4 protein chains.
Amino acid sequence: MSSADTSQAGGDRRKRSDARRNAQTLLDAAAAVFARAGVDAPVRDIAAEAGVGMGTVYRHFPTRPDLVVAVFRHQVDALAATPTGASGEDAETPYDVLRSWVARFTDFLVTKHGLAEALHSDQAGFESLHAEFVDRLVPVLGQLLQASVDAGQIRADVRPLDLMIAIGNLCIGAGTFPGYRARHMVDVLLAGLAHGAPASTDGDEPRARTGS
Amino acid sequence: MSSADTSQAGGDRRKRSDARRNAQTLLDAAAAVFARAGVDAPVRDIAAEAGVGMGTVYRHFPTRPDLVVAVFRHQVDALAATPTGASGEDAETPYDVLRSWVARFTDFLVTKHGLAEALHSDQAGFESLHAEFVDRLVPVLGQLLQASVDAGQIRADVRPLDLMIAIGNLCIGAGTFPGYRARHMVDVLLAGLAHGAPASTDGDEPRARTGS
Amino acid sequence: MSSADTSQAGGDRRKRSDARRNAQTLLDAAAAVFARAGVDAPVRDIAAEAGVGMGTVYRHFPTRPDLVVAVFRHQVDALAATPTGASGEDAETPYDVLRSWVARFTDFLVTKHGLAEALHSDQAGFESLHAEFVDRLVPVLGQLLQASVDAGQIRADVRPLDLMIAIGNLCIGAGTFPGYRARHMVDVLLAGLAHGAPASTDGDEPRARTGS
Amino acid sequence: MSSADTSQAGGDRRKRSDARRNAQTLLDAAAAVFARAGVDAPVRDIAAEAGVGMGTVYRHFPTRPDLVVAVFRHQVDALAATPTGASGEDAETPYDVLRSWVARFTDFLVTKHGLAEALHSDQAGFESLHAEFVDRLVPVLGQLLQASVDAGQIRADVRPLDLMIAIGNLCIGAGTFPGYRARHMVDVLLAGLAHGAPASTDGDEPRARTGS
DNA sequence: TATGAATGAGGTTTCATTCAT
DNA sequence: TATGAATGAAACCTCATTCAT
């Protein structure tokens, strides 16, 4: 059947969409397996999860880093795509927006078990994964931070990269350690950000401060 | 027969010191290699680092978990040994003591690259490593936290285990990511702890407030 | 989707014959190596003998016992498949049939050097090899023995298991010890069986001849 | 103490006796371990069994074959030392003497589990063990056989080497296979020997033949 | 001389990756 | 194009053997 398709001009296009669907299937499968067994999981497992042969994995992602980066780029895209002040609610303070974005970032990391851990793999090719995160998300986070700083709602001595890594780190083990409450600790961290905010002169509620 | 006796008992005593030195060399080497290449580093590398044969590693630490646990127990011992309020300086508030202990914990983790990461290995046998940390350090941290809570210096909704894991996590990548300032983020986290202390109504210095 | 279906099912069928041939090659190679170097021969040697990589051995036979059992099961099948009184010559006495089967069993063991030895390996997994022989061949031998006993041609105090092991044992070293004539000794053993046959009075006393 | 001894002439002799006792201890230990775990048993186990260091094993038996041969030579000595017609009871026929010697041989092999198996090891150095058995025992067995043949009590077509190996083989697994009765099968083999004795002219009871 | 710690070769097994089908 | 069998490098671990004490 495949050969018949190939003989036609249109077959090519039909194949393409098939292949694309297949790539997506692979990304999902890889994400699932990475979450379950870490980024070093046997390729065979990923192929099995996707219900394809190992050769297919290699066809779509020639090297393992290619696959890994693809898996996470896919997910980073979703986060970076988010317009900074997305919701557009003007009642929100910059700090609120920051908190909201961080919450979504945290949810993301906590949900995709293994993702946070993966960011620290020193396997070959993971620099690119890293670059991905840094290049895409740090700017977003940078804007959010700056806005809050400008509003006098948070301290100014925390750099976007620091915060991004810190949040990522706090999410490690969220699904592994029974008692560990990653989200709660991220909250505490954000509270620490707010605390010591230059302008919290007259009151201590660091996260409130509506009037800029 | 007398000669036999001598050799049996004497041999025991004669060799011990050498063997012990060797075990220590191995622990150091393993710590270094774990830091450099993670806890899954080839045993061969550890042996090479220590300048001994692989067999020697196995003689001293029959299974890999044995070695790993030994490496970290050694280091945990040092931390747990610290008397809670050790320094005895009565000018310090509970929060000061907490900060000081956390700083030392942080220094420790940051210094021993790889240690923090190791705490998250899901390799067989690492449960014991975990238990080690939890069993030994969580109680210490628990006391420090409670004292600060009792002094009204920090919020009461953070559990010792949460904090320990969070600190450990924040230290991950300290030596790997060029720009990441782990110690700084731990500071922020502690600030977040202090912030929201029940009733720091009239001033923001979180560590003062004696009266509740 | 249709293409996916095809690849899934069709791939299965296309490769089978190759894989099967390979498995057979492995069995032969393993038999040869076991014969030459015993059942503990390095897997590497077996792979080399078969002209395949080591991984291939493990693909087909995940554990060593799997391979060993397969090698010998293959051979046992041939023996057990033999209909007891197969040849169907009705001129044969039960003892003749017994002798004939034993001769074939002996030939088999003697030919496949190392097989007899293998039956005594105490390596893990060889219980199954054992069971294989016992379960498959002892019943056959039991029938042959009983028939001869019933015909009064052999003594009744030898159990099938005894005989099977004894024959197997006598074949050990057949290919190793220059001067040892295993077949001859099996003959002597069978003569011993016949000897002392109660009272094959009227006929074909194989070699008993009670009344001189 | 040892150095003091060495300085004297007599010390040498005292040492010698110690060493000899030690060697004997080693032989016993090795025999026990070989029986328990086969001739490939770890040297360490033998040293442990003997209660000495591994170095001591190597001092007395520089190579493994040296030890193995020594262990069994020791035991072969006992068998070969037996005067052929030892007991000198004149009521016994040559066949009786043969049977009696074989029984002792069998007992020996059956008792020392692993010995029979060891004779078939193809490990380096075991040729010597073999030579040992062949050189020492085959002549003895040859005499016994010849006497029985001369007396017309057994067939003449079984060579001493054949018989020795056959008996040895029949003893394999005596301690391993639950149901296997090695002694019984040796009996059957001997019966086979007697049966068909060419010269059993006037009586067929092969073991009777009183008048030599 | 006896000890047992150290060595390191060698066997086992697992996967990443290639490639015939 | 997809498959999964085959490959072989690399890690593990176990002793036989050496040698400092």
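Residue numbering restarts at 1 for every chain, and letters A, B, ... go by the order of the sequence lines. Both backbone and side-chain heavy atoms feed into the values below; hydrogens, waters and symmetry mates do not. Predicted model, so just to flag it, every value in this text is computed and none were measured.
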**Fill in**
Sequence neighbours excluded, the answer for side-chain contact (heavy atoms from CB on, under 4.5 Å) partners of D28(A) is Q24(A)
**Asked** What residues form a side-chain contact (heavy atoms from CB on, under 4.5 Å) with A35(C), not counting sequence neighbours?
**Response** H113(C)
**Message:** Contact between P65(D) and V68(D) at the side-chain level, heavy atoms closer than 4.5 Å - yes or no?
**Reply:** no
**Complete:** From CG of D66(C) across to P of dT12(E) the rounded distance in Å is 14 Å
**Prompt:** Taking CG from D40(A) and P from dT14(E), how many angstroms apart are they, rounded to a whole number?
**Reply:** 17 Å
**Request:** Write down the distance between CD1 (I46(D)) and C1' (dT17(F)), rounded to a whole number of angstrom.
**Result:** 13 Å
**Prompt:** Does F61(D) have any side-chain contact (heavy atoms from CB on, under 4.5 Å) partners at least two apart in sequence or in another chain, and if so, which?
**Reply:** L26(D), L27(D), D66(D), L67(D), A70(D)
**Item:** Nearest atoms (heavy-atom pairs only) where H60(C) meets N22(C)
**Value:** NE2-CB, 4.1 Å
**Message:** Under 4.0 Å, heavy atom to any atom of DNA chain F: which of residues 50-62 of chain B qualify?
**Reply:** M54(B), Y58(B)
**Asked** Residues two or more places apart in sequence or in another chain: which of them pass salt bridge (Lys or Arg N to Asp or Glu O under 4.0 Å) with R44(A)?
**Response** none
**Request:** Sequence neighbours left out, what passes side-chain contact (heavy atoms from CB on, under 4.5 Å) with A41(B)? Give chain and number order.
**Result:** V33(B), A37(B)
**Request:** Could you check whether A47(B) gets within reach of a base, just the sugar-phosphate, or nothing at all, counting any heavy atom under 4.0 Å?
**Result:** nothing
**Asked** Nearest of dA6(E), dA16(F), dG11(E) to any side-chain atom of P42(D)?
**Response** dA16(F)
Please report, to 0.1 Å, the donor-acceptor pairs under 3.5 Å made by any side chain of residues 48-56 of chain A, with sequence neighbours excluded.
from, atom 1, to, atom 2, distance (Å)
E49(A), OE1, R36(A), NH2, 2.6

**Prompt:** Once you round it to whole Å, what is the distance between C1' of dG11(E) and CZ of R44(B)?
**Reply:** 13 Å
**Asked** What is the distance, rounded to the nearest whole Å, between atom CG of L26(B) and atom C1' of dA6(E)?
**Response** 11 Å
**Intra- and inter-strand pairs of DNA chain E in dot-bracket (Watson-Crick or G-U wobble, both distances under 3.5 Å; | for another strand)** = .||||||||||||||||||||
**Fill in**
Taken to the nearest whole Å, CG/N22(B) to C1'/dT21(F) is 14 Å
**Asked** Quick one: on DNA chain F, does V43(B) or T63(D) contact a more 5' nucleotide (nearest heavy atom)?
**Response** V43(B)
**Asked** Can you list the residues that meet the salt bridge (Lys or Arg N to Asp or Glu O under 4.0 Å) rule with R59(D), with sequence neighbours excluded?
**Response** none
**Message:** Check this one for me: any side-chain N or O of R64(D) less than 4.0 Å away from OP1 or OP2 of dA16(F)?
**Reply:** yes
